[in-house]
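These numbers come from the heavy atoms of this one structure, side chains and all, not from hydrogens, waters or symmetry mates.
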Amino acid sequence: MSTPITPEPKEGHHFIERADAWLDARTGIDSILHESLDEPIHGGARWAYVFGSGLLFLFMSQVITGVFLTFYYVPSADHAHTVVSYMVKVVSSGSFIRSIHAYGSSGIIIVLCLHVGQTILYGSYKGKRELLWLSGCILMALMLGMSFTGYLLPWDEKAYFATAVGTNLIAEVPWIGPLLQKLVRGGDQMGTLTISRFFVLHVFILPGMLIAFIVGHVFFFRKAGAAGPINEDPIEPKLPSVPFYPRQVLMDAAFAVVLIGILAVIAKMIPMDLGPSANPADTHFLPRPEWYYRPAFQWLKYLSGRWSLVGGIIMPAILALVFAAVPFLDRKLERRPWKRPITVGAFLLFLVCYTGLGFASYHDDYSDPAMAAQMHKQDADSQAFMNSPFIPETAGGGTPANVASADPIVVKGHALFQSQSCNSCHGEDATGTAAAPALTGVGAKYSEAQLEALLHAPNIKMTAGGMQPVALEAKDLEALSTYLRQLH
Amino acid sequence: MAVLKEIEEEIKDSLATSRRSFVTTMFAISGAIVGGLLALPLFRFTTFPLKKVESEGDWSDVGPAADFAALTAPVAKTITVERRDAWQTASSQTAVYVLPAKDGVLKILSPVCPHLGCSVQWQDAQNKFVCPCHSGSFAMDGQRLGGPPPRSMDALESKVENGTLKVRYRYFRQLVNTQEPMA
Ligand code: FES
């Protein structure tokens with residue numbers, strides 16, 4: 001008696017159908033897609049809903065371009081600027097990919113504003129969506145952290161000085177400020193540890209947290225369901241629903257293509273510039289953050305003395321807390337914006353103030369002639385740097401310089417070391433090759449006389465290795481052994 | 001009762017799974033679209049090292065070509081060799097021999113002995129190159145005369161540009177009969 005075998009599921013004749021059936025039997029992809037694409041949207045698909053998925057697309061673009069940039073990047077204060085300029089000036093498509101990545105952060109900030117604005121205007125945070133909102137707030141903070149840490153990595157003038165100012169702010173935090181600043185910088189001053197720390201934050205820690213919170217955000221969104229238009233009940237939707245696919249999917253996809261398209265056009269037309277390498281000694285440089293941090297930067301200019309603590313730390317903290325608490329404070333289910341003047345009004349007021357501060361910052365910079373001249377000079381400097389050819393960095397090689405400044409007898413010994421072909425086997429600068437060992441440290445092993453004797457008449461072990469007796473006059477032999485004895 | 005609860009749990013589980021899959025699908029689809037749109041530049045970016053670029057750094061200046069016009073015997077010249085490693089260069093000093101011109105063409109020899117790599121020296125008195133290590137000897141044009149070296153001295157590629165004699169410095173494999181450049 002044989003066990004009855006379950007018949008193979010009936011497969012379509014078309015190749016794609018068969019491939020799909022094959023894949024589905026092994027992955028269950030059809031039901032996953034079904035779940036994903038049939039999400040009901042009450043009140044129908046709308047362009048107003050594309051910002052969330054637009055952010056996801058931009059984030060993916062940052063992840064992909066970012067991963068590729070690390071093919072070349074080196075997080076170290078003495079190499080970072082050289083490698084970025086190598087990428088930009090030498091590597092194919094390097095400038096383009098870096099520009100997509102750098103402008104992508106601005107793109108994320110813009111779409112983030114639209115996403116938050118839409119959520120507030122539509123009251124989409126209402127009706128058991130507190131966790132959805134909170135995870136969004138954390139995502140926003142993480143995103144701002146990403147742009148702050150990423151800005152330093154090219155280690156050009158503006159990156160260096162903007163970060164120096166930004167990390168100076170940390171010292172304002174009461175009690176633990178100075179300690180915290182030292183921790184973030186990896187020392188009292190900005191340096192190579194700062195770049196390592198920012199790199200780790202930018203590449204491992206913050207993206208890891210971002211992915212975790214995106215997963216949470218989407219999870220909460222799916223649990224609560226799409227909030228729908230402003231006349232929809234946020235808890236028990238009443239409007240007729242249409243599935244996510246095809247209309248909303250197509251809108252989201254179209255928006256994604258437009259976003260990447262805009263980025264690509266800007267990246268191609270106006271490549272992101274790279275300024276000259278950071279020079280901490282430059283006292284004229286006017287540090288300026290990225291445009292979206294400009295308003296905060298301007299705000300700090302108005303504060304001095306004890307107000308800098310209130311205005312620079314306490315007020316923004318309260319503002320952030322109030323913002324995060326919006327779904328807890330605004331609990332009514334009313335969603336029409338004109339019926340919610342406080343929330344919507346406060347948000348618009350904040351937008352107006354923030355934009356105003358931003359404009360004031362640019363106005364200040366370009367209305368004072370001396371300041372404007374310096375700003376233009378900084379722009380011209382980075383243009384000039386962009387247009388100059390790539391200059392490779394000189395690797396290591398301290399020894400020739402050492403020898404040049406050394407005692408004349410050592411210089412003579414070094415010359416003999418080369419002319420006697422000692423270097424052929426013992427290596428340039430006596431660091432050893434496959435043929436013969438390094439001679440560094442012989443000074444500790446042998447006295448002057450012992451070494452000269454060995455050179456004149458090598459021992460058995462040495463001759464077995466191919467060492468020839470050095471036939472030199474006493475004076476030259478002395479120079480050679482002096483040179484050898486000072487190697488370390 | 002217990003059965004009902006179990007069923008409820010199961011439904012919850014499957015809902016959670018579908019939500020997780022939804023996120024994964026979103027990541028996968030958006031990643032695929034972005035990756036697709038940027039595929040070409042990303043490909044060019046990554047495969048850049050496959051592009052064979054002949055960098056100027058390969059050529060080292062030996063000196064004004066006119067200085068060597070009236071040579072009667074080989075002279076040793078110290079040159080600076082720049083080795084380019086992506087965004088770094090390492091420069092080192094090394095010597096080459098410039099030979100007296102033959103039909104107006106200057107020939108340059110590497111001083112590295114093809115036997116075991118010692119620096120071959122020109123001996124004016126004997127009118128030949130002699131290697132100090134195992135007494136290999138070579139004629140004025142680098143032809144092997146005798147001793148352990150398996151081949152003649154290695155000629156280096158050279159050119160005259162704007163009146164300056166330039167050489168492309170290379171290392172060659174030792175102990176073999178033919179000249180094999182090392183990468
Ligand atoms: S290394 Fe020149 S003859 Fe042996």
Considering only heavy atoms from C-beta outward, does the side chain of B:E157 approach that of B:R170 to under 4.5 Å?
no
How are the rings of A:H115 and A:H217 set relative to one another: parallel (under 30°), tilted (30 to 60°) or perpendicular (over 60°)?
perpendicular
Examine whether an atom of A:I100 lies under 4.5 Å from a heavy atom of chain B, and if so say whether it belongs to the side chain, the backbone or both; otherwise answer neither.
side chain
Side chain, backbone, both or neither: which part of A:V74 has a heavy atom under 4.5 Å from chain B?
side chain
Testing the 3.5 Å rule here: is there a donor-acceptor pair between the side chains of B:Q174 and B:H115?
no
Please work out whether the ring planes of A:F255 and A:F51 are parallel, tilted or perpendicular, with thresholds of 30° and 60°.
perpendicular
Does B:K159 make a cation-pi contact with B:W59, if we ask for NZ or CZ under 6.0 Å from the ring centre and within 45° of the axis?
yes
Counting heavy-atom pairs closer than 4.5 Å to chain A, which one of B:T94, B:L37, B:T46 comes out on top?
B:T46
Residue A:F68 versus chain B: region with a heavy atom under 4.5 Å
both
Using a 4.5 angstrom heavy-atom cutoff, name the option from B:C131, B:C113, B:A86, B:P111 with the most pairs to chain A.
B:A86
Considering only heavy atoms, which portion of A:F96 lies under 4.5 Å from any heavy atom of chain B: side chain, backbone, both, or neither?
side chain
Go through A:F59, A:F71, A:Y72 and name the one with the most non-hydrogen pairs under 4.5 angstrom from chain B.
A:Y72
Can you confirm if the NZ or CZ of A:K89 lies within 45° of the ring axis of A:F385 and under 6.0 Å from the centre of its six-membered ring?
yes
Heavy atoms only, distances under 4.5 angstrom: which of A:T82, A:I97, A:D252 has the most pairs with chain B? Name it, please.
A:I97
